[in-house]
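Report on the following structure.
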Amino acid sequence: MKILEGLNDFQSKAVTTVEGPVLVVAGPGTGKTLTIVRRIAYLVEQGIKPEHILAVTFTNRAAREMCERTYALLGSRTQTIFIGTFHLLGITIMEHVSGHELLLYGRDEQLELIRSLTGLTSKKAFQLVEKISRIKNCIEGCDSTTREFFDLYEEARKDRKAYDLDDLLTIPIQLLQDKSDLEAFQFQYIMVDEYQDINPVQYKFIKTLGRKTQHICGVGDADQSIYAFRGSHLENFLNFTDDFPGTKQIALTHHYRSTEKILHASQRLIEHNQKRIGTSLSTIREEGVPITIVSLPDGHTECYAIIEEIEKRIGGTSHYMLMKRNISNHRGEISYRFSDFAVLVRTNGQATEIAESLKMSGIPFQRIGRITYSRNRELINHFQSMLSNLPETLDYSLLMKEMEKKGKIVPEDRELMENLFVAYGNASPREAIHAIIHEFMLRSSGDEFNSNADVVTVSTLHAAKGLEFRVVFIAGVEDGLIPFRTSQETVDMEEERRLFYVGMTRAKDELLLLYARERFLYGNRSIRLPSPFIQEIPEEYVQHIFVPERVKEKKSNQMELFS
DNA sequence: GGTGAAGTGGTTTTT
DNA sequence: CCACTTCACC
């Protein structure tokens, strides 16, 4: 197998530079995952033992993709390579040390514990749980009142022999420090995906794991750091070279996703940031069409414009459009599918508005977010209730059947569960159930983006990171939304600009930026101004459409927003 | 300690 | 607009 096949020079260099600290600067659409996967394969081909290789990610989605693609290259040799999230690594270390399965608390269990301890209202308790989590992740300090609750919680948690998700990071750091002879986790070659997003605790975790090796590879992009609010520390990435002396920095500069106009426009925008590693990207793609900036009278017409633009490209699905296409506008070939489109917004509230409009118009869509979380939660609860009265032996097929009656599992879960039952077939029922709970907590993704379904994607800008679409709409490109302003706190303009940059660079062929001049917000009609970031995109890359406020028109003209 | 009027603020999210 | 907090007053 040719490991360097199809790679460009920069990617090849990143793959073959394995000795000592390496920083791979991987902008959007530069083949980051491909490079990491080939690098893993390269290490194995060089004779490095698979169990000495570690690749950590933040999300299950990323871990799964990396794992599958590595498996496609290496087959069964992939199995002893640790490819997984920080949390999965953490619990693996903890269970290795303790020698048995651990009881893991998710947010719901934490909440229940806090409520039973304090009697707080559920909202207050939830805020406290979140605060405890931030404290454990060193995102914020601990004031004296919180301290009392914190200690109370910790004591009760230890009494119950339970661990929360944050413990999966903090405790392994202690374990690795105390037991310098944790041979199973003496990784020689460490790769950290999305290095720009690591928080202080994850940083310490990496530093501790990497004490005995020099071969640490950070992969990421300073321009896509968008999680400061949950503790991401961009400086870790920017200081990598000083932090690990002798670092070889390799930038992947060939861009494969967006047209030249979209790429150049987003590059010019992000160049307004100070905190970055200035690498310039060049695309292999054609010039493309200009970015369309649409000024609309209000939020409703914004939704309408999106629907109309989708229908225009798809050939029409509403009765109106179907009629129109059949009579006069048939193009013979439908060049776009619904799954080619994404609508990106700043807040979930906007996403709901867009989703409702799409529903009305009959356009199929999926929302990316944390919606499916509750289904996993239900399964976990079910398994946890089983732990209390376990039978001697467990008939898995019977169990599956029972749950399908009760309607507890949907077909998508079935496969995952069947695999799990096979995997844990030899374990005791208790062990198996524990393992399955972990599996659902730590390996099944809550975001559930289905890339196969032919539906339009509706997502926040944050949740769209890592995805790509032929046509991207960014709605609500207004001052106050992008950048998002609250009355109180000052905005981090660079962070907001990065978020907008992430949104723009999701687009392959077409990018449409929409803003309303007036919007119904919090019950008030408010006058809106376009986002200041629009000014930062040079005119040569854009075309403007101004949709005037609709004066009373004949019904037949209402469908056409653009002349 | 409990009630109602007045005041305030409203994002982003993984494991 | 709506959910929540604050504060004056009983």
Side-chain angles (χ1 to χ4, degrees), chain A residues 56-64 84-92 94 102 104-110 121-124 126-127 129-130 132-134 136-137 139 163-172 193-194 197-199 201-202 205 224-232 344-353 367-373 376-377 380 437-449 459-466 476 478 480-492 495-500 502-503 519-526:
Chain A
V56 265
T57 63
F58 279 83
T59 65
N60 290 310
R61 191 210 278 171
R64 200 187 318 115
T85 60
F86 278 97
H87 293 81
L88 187 66
L89 176 62
I91 199 162
T92 307
M94 286 163 70
L102 300 177
L104 191 54
Y105 270 18
R107 278 285 181 270
D108 284 24
E109 290 82 13
Q110 285 182 283
T121 62
S122 72
K123 188 160 189 183
K124 282 280 180 191
F126 186 77
Q127 284 169 353
V129 167
E130 293 287 315
I132 288 170
S133 175
R134 288 198 301 274
K136 286 195 179 188
N137 279 287
I139 295 165
Y163 299 91
D164 63 37
L165 287 160
D166 308 307
D167 295 329
L168 305 189
L169 303 179
T170 54
I171 295 175
D193 190 23
E194 306 276 17
D197 277 334
I198 59 177
N199 76 22
V201 173
Q202 285 156 335
F205 199 171
Q224 294 184 75
S225 171
I226 54 171
Y227 285 110
F229 72 92
R230 63 176 204 209
S232 300
L344 310 183
V345 290
R346 181 58 219 262
T347 68
N348 280 308
Q350 292 170 269
T352 304
E353 218 177 296
R367 269 186 80 168
I368 312 184
R370 23 210 276 105
I371 304 128
T372 52
Y373 169 80
N376 285 344
R377 188 70 254 164
I380 290 166
I437 291 171
H438 288 165
E439 200 78 21
F440 269 88
M441 275 194 178
L442 293 175
R443 275 202 214 265
S444 73
S445 64
D447 47 40
E448 198 93 356
F449 168 70
S459 168
T460 61
L461 289 163
H462 281 91
K465 191 173 168 188
E478 293 152 30
L481 280 172
I482 307 173
F484 193 92
R485 287 179 208 281
T486 56
S487 43
Q488 300 283 307
E489 287 163 45
T490 55
V491 280
D492 181 345
E495 174 97 352
E496 296 291 317
R497 191 180 282 110
R498 286 192 289 269
L499 188 56
F500 189 48
V502 165
R519 188 182 286 279
F520 220 74
L521 217 59
Y522 310 128
N524 291 316
R525 200 167 275 287
S526 72

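None of the values given here were measured: they were computed from a predicted structure. In what follows, chains carry the letters A, B, and so on, assigned in the order in which the sequence lines appear, proteins first and then strands, with residues in each chain numbered from 1.
The listed nucleotides are B/dT15, C/dC1, B/dT12; the one nearest the side chain of A/Thr85 is B/dT15. Looking at the side chain of A/His462, the nearest of the listed nucleotides B/dT12, C/dC4, B/dT14 is B/dT12. Closest approach to the A/Thr347 side chain among C/dC4, B/dT15, B/dT12 is made by B/dT12 (side chain taken as heavy atoms from C-beta onward). The side chain of A/Lys123 approaches C/dA3 more closely than any other nucleotide in the set B/dT12, B/dT14, C/dA3. Out of B/dG10, B/dT12, B/dT15, the shortest distance to the side chain of A/Ser487 is found at B/dG10. In this structure, the nucleotide among B/dG10, B/dT15, B/dT12 sitting nearest to the side chain of A/Thr460 is B/dT12. Closest to the side chain of A/Asn60, from the set B/dG10, B/dT12, B/dT15, is B/dT15.
As rounded to whole Å, 18 Å separates atom P of B/dT12 from atom CZ of A/Arg498. A/Asp166 has its CG atom 13 Å from the P atom of B/dT15, to the nearest Å. Protein atom NZ of A/Lys465 is 11 Å distant from nucleotide atom C1' of B/dT14, rounded to whole Å. The CZ-P distance, from A/Arg107 to B/dT13, rounds to 14 Å in whole Å. Whole-Å rounding puts the A/Glu130 CD to B/dT15 P distance at 14 Å. Taking atom CE of A/Met94 as the reference point, atom C1' of B/dT15 lies 13 Å away to the nearest angstrom. Residue A/Glu495 contributes atom CD, which lies 17 Å from atom P of B/dT11 at whole-angstrom precision. Across the protein-nucleic acid pair, A/Asp197 atom CG and B/dT15 atom C1' stand 14 Å apart, rounded to whole Å.
Look at A/Asn199 and you won't find any side-chain N or O under 4.0 angstrom from OP1 or OP2 of B/dT14.
The aromatic rings of A/Tyr227 and A/His462 lie tilted to each other, with the angle between the two planes from 30° to 60°.
An aromatic stacking contact between A/Phe58 and the base of B/dT15 is absent, as defined here by ring centres under 5.5 Å apart and ring planes under 30° from parallel. The stacking criteria are not both satisfied for A/Tyr522 over the base of B/dG9, which would need a centre-to-centre distance under 5.5 angstrom and an angle between ring planes under 30 degrees.
Look at the P atom in both B/dT13 and C/dC2: the space between them is 24 Å, to the nearest Å.
With A/Leu344 as reference, A/Leu461 is the one residue of A/Thr460, A/Leu499, A/Leu461 to meet the side chain to side chain contact (heavy atoms under 4.5 Å, CB included) rule.
Rounded to the nearest 0.5 angstrom, A/Glu130 CD and A/Gln110 CD are separated by 8.5 Å.
Backbone-only contact: A/Lys124 has heavy atoms under 4.0 Å from sugar-phosphate atoms and none from a base.
Residues A/Leu168 and A/Pro172 share a closest heavy-atom pair of O-CG, 3.0 Å.
For the pair A/Asn199 (side chain) and A/Gln202 (backbone), a donor-acceptor distance under 3.5 Å is present.
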